[in-house]
Protein chains: 2
Amino acid sequence: MPAQQRKEKAREERSRLIVDAARELAEAEGWDAVTTRKLAEKVEYSQPVLYSHFKNMDAIASAVALQGFEELTVALTEGVRRAKLRGLADAYLAFAREHPALYQAMFVRRSELTFAVGEIPASLRAAFAVFLAAVDPYADGATETLAELFWSSLHGLATLQAGKRLRPDHHENRVELLVNLVAVPTDRT
Amino acid sequence: MPAQQRKEKAREERSRLIVDAARELAEAEGWDAVTTRKLAEKVEYSQPVLYSHFKNMDAIASAVALQGFEELTVALTEGVRRAKLRGLADAYLAFAREHPALYQAMFVRRSELTFAVGEIPASLRAAFAVFLAAVDPYADGATETLAELFWSSLHGLATLQAGKRLRPDHHENRVELLVNLVAVPTDRT
DNA sequence: ACCCTGACCCTAGCATCGCTAGACAATCTA
DNA sequence: TAGATTGTCTAGCGATGCTAGGGTCAGGGT
């Protein structure tokens with residue numbers, strides 16, 4: 001029955017519309033400004049329609065985050081291709097800098113998405129795989145541990161920088177130092 | 001005029017009462033649960049009293065954060081005394097783990113407190129000084145940069161761990177690896 | 001062709017939030 | 001003692017997330 005399919009297609013379209021609107025609003029004015037009323041007005045539907053697509057506001061933010069994971073994977077892959085570890089670091093930090101609200105939805109705002117325990121979003125697993133591959137040559141066996149540590153360091157740099165808690169200049173120095181620490185092979189017994 | 005002084009003393013006492021109540025509530029139920037009404041009820045005054053002490057809710061959270069900075073400095077100093085870099089790392093991560101709401105107020109929740117630009121809270125400067133001293137022997141001149149990086153890495157580990165985004169076991173491995181990367185002298189030209 | 005049924009969406013409203021205005025009481029000054 | 005000042009509370013405003021209930025319109029069966 002094509003009528004049924006057409007309906008579902010339209011619903012899916014509207015879901016994307018809502019998610020896109022939320023993301024735009026968040027990037028433009030921050031997550032505090034993303035309210036159900038503003039969102040409803042932006043997609044030109046009434047508030048309750050949002051709840052026929054998503055359980056609540058947090059679920060909308062999580063949908064935005066999932067979009068982010070996919071884009072992050074692409075950006076990281078491209079970064080590694082350009083310049084290995086340093087390219088990965090630059091790509092990660094650029095992503096966080098250029099999409100601050102998106103980054104918050106992915107990694108800062110509390111959310112029901114947990115990574116290391118329970119099921120992991122496939123798109124995020126892919127992003128982490130880029131880390132694993134890039135770090136493996138220097139890991140001396142402990143690939144996952146080094147990948148987690150490298151990721152954590154970048155996350156720390158990204159969030160503290162965003163919060164104006166690091167000297168704005170010296171960014172380059174910090175990144176270079178980090179990459180050197182990870183890349184320069186030392187005795188890791 | 002001692003009457004005047006007595007008044008001021010009482011006001012100061014009540015300020016501390018409010019801050020302590022906010023901190024307790026946040027640690028017990030998270031910052032979302034810290035509302036002006038619950039806070040007012042807990043200190044047994046009406047809501048407007050809060051605003052005669054603090055500009056708004058964020059200012060109360062900032063006051064809690066300032067308490068945290070002082071305690072963090074003490075904890076870090078003790079950690080360094082015990083085991084240098086590793087002690088510092090352990091103390092920092094333990095602090096974040098044991099006082100998650102306090103840590104959020106200090107470093108995660110957006111706040112008007114900025115560190116690296118403009119004026120810095122003295123208590124936080126003291127905490128960073130511990131980082132500087134602990135890291136200096138390995139910095140090869142770039143002490144501040146290495147301190148910022150070490151701090152960022154710990155911050156990343158702390159927040160991602162708190163968000164269940166790292167494998168709960170392997171914590172020890174990550175910390176040891178980080179400390180080794182920073183401490184083992186390599187060629188840093 | 002007609003009616004009925006069900007899916008869809010909107011208006012209206014609830015409880016709660018941060019914050020403030022204005023009235024009331026208690027205390028100090030002269 | 002009378003007036004002024006200081007302090008506190010009650011009540012309320014606008015905005016929040018979310019939901020209940022009713023109305024409208026299209027699709028399907030006879």
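All of these numbers come straight from a predicted model, not from anything done at the bench. Proteins get letters first, then strands, A, B, ... in listed order; numbering begins at 1 in each.
For B:Lys42 and B:Glu29, the salt-bridge test fails: no basic side-chain N is under 4.0 Å from an acidic carboxylate O. With salt bridges taken as basic N to acidic carboxylate O contacts below 4.0 Å, one links A:Glu78 and A:Arg81.
Inter-residue side-chain proximity for A:Glu144 and B:His170 is flagged as unmet; no heavy-atom pair is nearer than 4.5 Å. No side-chain heavy atom of B:Glu148 sits under 4.5 Å from any side-chain heavy atom of B:Phe131.
Taking a 4.0 Å limit (strictly below) on heavy-atom distances, residues 21-43 of chain A reaches DNA chain C at A:Arg37. Across residues 48-58 of chain B, B:Pro48, B:Tyr51, B:Asn56, B:Met57 each have a non-hydrogen atom less than 4.0 Å from an atom of DNA chain C (numbered order).
Between B:Ile18 atom CD1 and D:dT8 atom C1' there is a gap of 13 Å when expressed in whole angstrom units. Atoms OH (A:Tyr45) and C1' (C:dC8) sit 11 Å apart, rounded to a whole Å. With rounding to whole Å, A:Gln47 atom CD is found 14 Å from D:dA20 atom C1'.
Judged by distance alone, with hydrogens and angles left aside, the side-chain atoms of A:Glu27 form a donor-acceptor pair with the main-chain N or O of A:Ala101 at under 3.5 Å. Side-chain N or O atoms of A:Arg23 include none that pairs as donor or acceptor with a backbone N or O of A:Gly68 at under 3.5 Å. Of the possible polar contacts, none joining the A:Ser15 side chain to the A:His53 backbone as a donor-acceptor pair under 3.5 Å is found.
Legend: residues meeting side-chain contact (heavy atoms from CB on, under 4.5 Å) with A:Thr36, ordered by chain and number and at least two apart, are A:Gln47, A:Leu50, A:Tyr51, A:Met57.
Within the structure, the salt bridge (charged side-chain N to carboxylate O under 4.0 Å, His left out) test picks out the following pairs touching residues 46-66 of chain B (sequence neighbours left out): B:Asp58-B:Arg109, B:Asp58-B:Arg110. Screening residues 86-95 of chain B for salt bridge (charged side-chain N to carboxylate O under 4.0 Å, His left out), with sequence neighbours left out, gives B:Arg86-B:Asp90, B:Arg86-B:Glu172.
Taking five base pairs at each end of the helix from C:dA1-D:dT30 to C:dA30-D:dT1, the local helix axes there meet at an angle of 20°, rounded to 10°.
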